[in-house]
Amino acid sequence: MNIIIRPERLEDYNKIHEVISSAFNRDEEANMVNLLRKDKAFIPDLALVAEINDEIVGYILFSKIRVSNSRDFFHSLALAPVAVKPDYQNKHIGAKLILSGLDKAKDLGYQSVIVLGNDQYYPKFGFEPAKKWNIIPPFEVPSSYFMARELKKNSLKKVNGVVLYPDAFNMI
């Protein structure tokens, strides 16, 4: 199975919406992506699709966020969503999207990534509980599900505070 990871294109938007909606069995995450594309937090180079035989089967998006405390704010990325069509799940497509996205983010000079997700899955990609750096979510979630990863060594060493997501994240 030859999986191609590439940036999304305008003509992909409807297929991406279908992939995300089918993966989550609802439209909220797909609608969030549509809103994020219009936001200054959107990074076109970090909106990636997974393609097999010219069919889009997966999607991942990294968008700009800030971590804020009473003195400072720090830039980071949010990984959300990562989606794979149900018929293609458990074939390492999500993992390939995550690894490709993390590499691309690092190449673009970003230093860290925050994710809210499965605490059994994301640690495989170097994510650790964000509380390690005193980075906290803006809402109630189990702390083990709120994770961060440094893309540059010690980039989170002096970072702490509450994550500020773009407004589009309020959709989910």
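- Counting heavy atoms from C-beta on, the side chains of Glu8 and Tyr13 come closer than 4.5 Å.
- Here the closest heavy-atom approach between residue His75 and residue Arg66 is recorded as ND1-CG, 4.2 Å.
- Cluster membership check: Val162 does not share its hydrophobic cluster with Leu116, using side-chain heavy-atom separations under 4.5 Å among Ile, Leu, Val, Met, Phe, Trp and Tyr.
- Of all heavy-atom pairs spanning Lys104 and Leu46, the tightest one is CG-CD2, 3.5 Å.
- Contact detail for Ser155 and Glu150: the closest heavy-atom pair is N-OE2, 3.2 Å.
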I'd like to know whether Asp27 forms a side-chain contact (heavy atoms from CB on, under 4.5 Å) with His17, so could you lay out the CA-CA distance, the side-chain angles of the two residues, the decisive distance to 0.1 Å, and finally the verdict. CA-CA 8 Å; Asp27 287 331; His17 192 95; 3.8 Å; yes
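- The number of heavy atoms from other shown groups lying within 6.0 Å of CG (Asn69) is above 12.
- Heavy atoms of other residues, nucleotides or ligands lying less than 6.0 angstrom from CG of Asn154 number more than 12.
- Checked options Val159, Ile65, Leu156; the residue passing with Phe74 is Val159 (criterion: side chain to side chain contact (heavy atoms under 4.5 Å, CB included)).
- Val163 has its side chain out of reach of Phe169: every pair of non-hydrogen atoms, C-beta onward, lies at least 4.5 Å apart.
- Between Ile3 and Ala50 the shortest heavy-atom distance is CG2-CB, 4.1 Å.
- Contact of the Phe127 side chain with the Val113 side chain is registered, since non-hydrogen atoms from C-beta on lie closer than 4.5 Å.
- Considering only heavy atoms from C-beta on, Val84 stays 4.5 Å or farther from His92 through its side chain.
- Glu29 and Tyr59 are not linked by any side-chain donor-acceptor pair at a separation below 3.5 angstrom, with hydrogens and angles left out of the test.
- Atom CG of Asn90 has 12 or fewer neighbouring heavy atoms from other residues, nucleotides or ligands inside a 6.0 Å radius.
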Candidate pair Leu99 and Lys124, rule side-chain contact (heavy atoms from CB on, under 4.5 Å), full reasoning: CA-CA 10 Å; Leu99 292 170; Lys124 298 178 206 177; over 6 Å; no
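- The aromatic rings of Tyr165 and Phe139 sit parallel to each other, their planes meeting at less than 30°, with 60° as the upper class boundary.
- Nearest heavy-atom pair, Leu97 versus Val49, reported as atom, atom and distance to 0.1 Å: CD2-C, 3.9 Å.
- Between Tyr110 and Ile43, the closest side-chain pair of non-hydrogen atoms falls below 4.5 Å.
- No side-chain heavy atom of Phe73 sits less than 4.5 Å from a side-chain heavy atom of Leu164.
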Verdict with supporting geometry, Val115 and Val82, side-chain contact (heavy atoms from CB on, under 4.5 Å): CA-CA 10 Å; Val115 68; Val82 59; over 6 Å; no
